[in-house]
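First comes the structure, then the notes that go with it.
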Amino acid sequence: MSRKVRVRFAPSPTGGLHLGGVRTVLYNYLFARHHGGDFVLRIEDTDQNRYVPGAEEYIYNCLQWCGLEPDESPLKGGPHAPYRQSERKAQYAQYAKQLVDAGHAYYAFDTPEDLEDMRSRMKTEANPTPQYDYKMRSHMRNSTTLPQAEVEQLIQAGTPYVVRIKMPVGETIKFTDLVRGEVSFDTSLVDDKVLLKADGMPTYHLAVVVDDYLMGITHAFRGEEWLPSAPVHLLLWKYLGWEKEMPEWAHLPLILKPDGHGKLSKRDGERLGFPVFAMNWTDPKTGELTQGFKERGFLPEAFINILAMLGWNDGTEQEIYSLDELVKQFSIDRVHKGGAKFDYEKAKWFNHQYIQRKPTEELVPLVTPYIADKGVTVDAGYLHKVIDLVKERCTLLPDFWEQGHFFFTTPEITELQAIKDKWNEQKKTFFETWMAGLDSASWAHDALEANFNELVAAQGLKKGDVMLPLRIMLVGGKYGPHVFNIVEMIGKEETKKRIENALKVL
RNA sequence: GCCGCGUUGGUCAAGGGGUUAAGACGCCUCCCUUUCACGGAGGAAUCACGGGUUCGAAUCCCGUACGUGGUACCA
């Protein structure tokens, strides 16, 4: 038990990396770092039908953005390379054969059509999904039913076959899951899973066991959807004679839809208007784009924090954690058993917190592209001041433009009606007088405001009568930081210009 | 259908035999801001249900309901 901790994240490159996937990465990463261990990225690309170009590259990008980079990966290499299962294809067959020779697996010659036929024939109301289990296997074409000579002949003739595990009858498989405690399964109820496919590729079941063994994985974390097949994996570890090196298991709870029920899916994001993937993902076949948290304007630290708290907490009231703090505090036994519904409002709250805490100089380069995207060339010093003024009302990165565009370009007045109704000659005179006095005004927000106040009093007005009009003239609507800060920032000419423009339409 | 796993406010959740059942998000009310936010003060839970065990159960046991996952030559 003194082995160095080694964990792995093993995605299949079939599309975008979604919330649950990133959280699995995160928990692996935190566990590894907490224990001074290694974090391995292994690509499980054994299903050639589901190969999606670019998906692997995309995973690297997501991990990089999240700051959860593996110690070993197909990209980085490492002592157990290759880390891509398709490149490890050759080694699985020998283990499959070892299992057959020991009587724990067998060759099956049933074609996909045979299987389909069997399922439709055996299907009843009471048993809607017939399994290829210990009972069924005696009725199928495999090396447990065919004479050995025929089996050899078939194989020699190049007949396609798969290798299936021979599930024992009536055994109870028990193990202690790090998050669920003791769980148990009756082997009679588990089917004879395919281990090696007709194309020579292993299925997940064989590959995960062989590779975890070969790569010295000590702790295997994966989604809860794998729990029902855990007994197959446990048996494989035993049959292959590696029981002593078997990793400890932890099956992580699922992330569920915010409304209704079920696993959170990419469709829910589209339907409810929030991202589900870490980064933008474009399906190369359909060209369909699914938005990511990154592009939506989330900070990676916030994104990580959100995910960490979705299914785990350290028992204190703390909610905001840096990655380092998470590494320090994380423990797998405080991971919840139940699935959690994703709450986008709370996710935004986290991002808002991170934006408030992030030093403005670090925000400048992050906000710049959003401003540049609007065709505005920004001066970093000016942007810095704008950010200081508007950051507290920004939740996502694009909000900086929404909340601060009037610092860069003359806004369109969208709430003119709010002042038009109560507009009169007296107010008009006030603004004309104020503008005229601006030339000699000292250009600082407090001085400007004092000057403004004096004039308000001198003209027998109430400040409230002209504050809102001024704001709308300068900003376009009823929002934004203190109005004299805006005056100070945009300067005399621009201030006059905006007031004059407004005066024309009032 | 069968098997596994789960169930504390709308959501995330603390608490795991005796508590006024934390805290956060969201929502509502008020205060502060002559805008919008921020900030501050309040408001809202018969701990899924039914049985036990116990002096005492959200906490332990059993059952039910509900949810969720699996039941592919997908992972």
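The analysis underlying the following values was restricted to heavy atoms, covering all of them including side chains, and did not include hydrogens, waters or symmetry mates. Within every chain, numbering begins at 1; the chains are lettered A, B, ... in the order of the sequence lines, protein sequences first and strands thereafter.
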Within the pair [X] and [N], is there a side-chain N or O less than 4.0 Å away from OP1 or OP2?
X: A:Lys341; N: B:G67; value: no
X: A:Arg222; N: B:G70; value: no
X: A:Arg180; N: B:G4; value: no
X: A:Asn313; N: B:A14; value: yes
X: A:Arg334; N: B:G15; value: yes
X: A:His482; N: B:U33; value: no
X: A:Lys197; N: B:A75; value: yes
X: A:Thr203; N: B:C74; value: no
X: A:His336; N: B:A14; value: yes

Base, sugar-phosphate or nothing for [X]? Non-hydrogen atoms, less than 4.0 Å.
X: A:Asp110; result: base
X: A:Val162; result: base
X: A:Glu345; result: sugar-phosphate
X: A:Ser184; result: sugar-phosphate
X: A:Thr46; result: sugar-phosphate

How far, in whole Å, is [M] from [N] if one measures between their [atom1] atoms?
N: B:U68; M: B:A48; atom1: C1'; result: 15 Å
N: B:G23; M: B:A14; atom1: C1'; result: 7 Å
N: B:C32; M: B:G42; atom1: C1'; result: 15 Å
N: B:G9; M: B:C3; atom1: P; result: 28 Å

Can you find an N or O donor on one side and an acceptor on the other, under 3.5 Å apart, linking the side chain of A:Lys346 with the base of B:A24?
-> yes
Where the side chain of [X] is concerned, which of [options] is the nearest nucleotide?
X: A:Pro112; options: B:C36, B:C12, B:C73; result: B:C73
X: A:Arg119; options: B:C38, B:U68, B:C73; result: B:C73
X: A:Leu189; options: B:G4, B:C2, B:U35; result: B:C2

G-U wobble or Watson-Crick pairing nucleotide for B:G67 (cut-off 3.5 Å, both distances) = B:C5
So, A:Phe452 versus A:Phe484, ring centres under 6.0 angstrom or not?
-> yes
Pair A:Glu301-A:Ser322, side-chain donor/acceptor within less than 3.5 Å | no
Evaluate whether atom CD of A:Gln98 has more than 12 neighbouring non-hydrogen atoms of other residues, nucleotides or ligands under 6.0 angstrom away.
-> yes
Cation-pi, A:Tyr132 ring and A:Arg164 (6.0 angstrom, 45 degrees) = yes
From the list A:Glu224, A:Arg222, A:Arg180, side chain to side chain donor-acceptor pair (under 3.5 Å) partner of A:His251 resolves to A:Arg222
Residue met sooner reading RNA chain B from 5', once A:Lys478 and A:Tyr204 are mapped to nucleotides | A:Lys478
A:Asp186 CG to B:C5 P, in whole Å, measures 12 Å
In plain terms, say whether A:Lys385 and A:Glu488 are close enough for a salt bridge, that is, a side-chain N and a carboxylate O under 4.0 Å apart.
-> no
